[in-house]
Amino acid sequence: PFVVELARTGVTVTVGPELSVLEAARRVGATALSSCEQGTCGTCETAVLAGVPDHRDSILADHERAAGDCLFPCVSRSCTDRLVLDL
Ligand code: FES
């Protein structure tokens, strides 16, 4: 598990293996848009403000993955204990 902080509200939520980051964020009030929920459409793109994302999408190019400044929370997870998202 890892902790996601929603920067707009300061709320934090623990994300276990049974939940996507998107689902976890919605449970604590985030209103992120989504469509495919499979990491292919790009609708849920979210800025990463701190932490290192574990990209699981099929959208980003290698250099975008390496930059680590955005993620697709319907599928992607975290390499660090804490991820701060612009949600
Ligand atoms: Fe399509 Fe996340 S909802 S990439």
Side-chain angles (χ1 to χ4, degrees):
F2 52 94
V3 171
V4 167
E5 178 179 332
L6 308 184
R8 296 182 194 180
T9 57
V11 172
T12 60
V13 60
T14 299
V15 184
E18 76 287 1
L19 277 182
S20 69
V21 170
L22 184 64
E23 288 164 335
R26 283 178 170 159
R27 286 191 183 187
V28 293
T31 54
L33 296 175
S34 68
S35 178
C36 71
E37 309 239 338
Q38 294 179 13
T40 57
C41 76
T43 303
C44 67
E45 181 169 358
T46 300
V48 176
L49 305 179
V52 178
D54 176 8
H55 296 291
R56 308 271 179 99
D57 65 89
S58 29
I59 298 166
L60 293 175
D62 287 347
H63 69 278
E64 294 171 315
R65 275 174 216 287
D69 56 3
C70 73
L71 91 170
F72 298 94
C74 64
V75 290
S76 294
R77 305 192 67 82
S78 183
C79 295
T80 42
D81 292 342
R82 183 164 162 277
L83 207 55
V84 182
L85 300 180
D86 183 22
L87 282 175

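Whatever order the structure lists ligands and atoms in, that order sets their numbers, starting from 1.
- Listing protein N, O or S atoms at distances below 2.8 Å from atom 2 (Fe) of ligand 1, with waters left out, gives Cys44 SG, Cys74 SG.
- One N or O on the side chain of Thr46 and one on the backbone of Cys44 form a donor-acceptor pair closer than 3.5 Å.
- Applying the side chain to side chain donor-acceptor pair (under 3.5 Å) test to Glu23 and every residue at least two apart in sequence or in another chain returns Ser20.
- Qualifying salt bridge (Lys or Arg N to Asp or Glu O under 4.0 Å) partners for Glu45, counting only residues two or more places apart in sequence or in other chains: none.
- The pair Glu37-Arg26 meets the salt-bridge criterion, since a charged nitrogen lies less than 4.0 angstrom from a carboxylate oxygen.
- Every residue two or more places apart in sequence or in another chain was checked for a salt bridge (Lys or Arg N to Asp or Glu O under 4.0 Å) with Asp69, and none qualifies.
- No donor-acceptor distance shorter than 3.5 angstrom exists from the side chain of Ser34 to the backbone of Thr43, with no hydrogens or angles considered.
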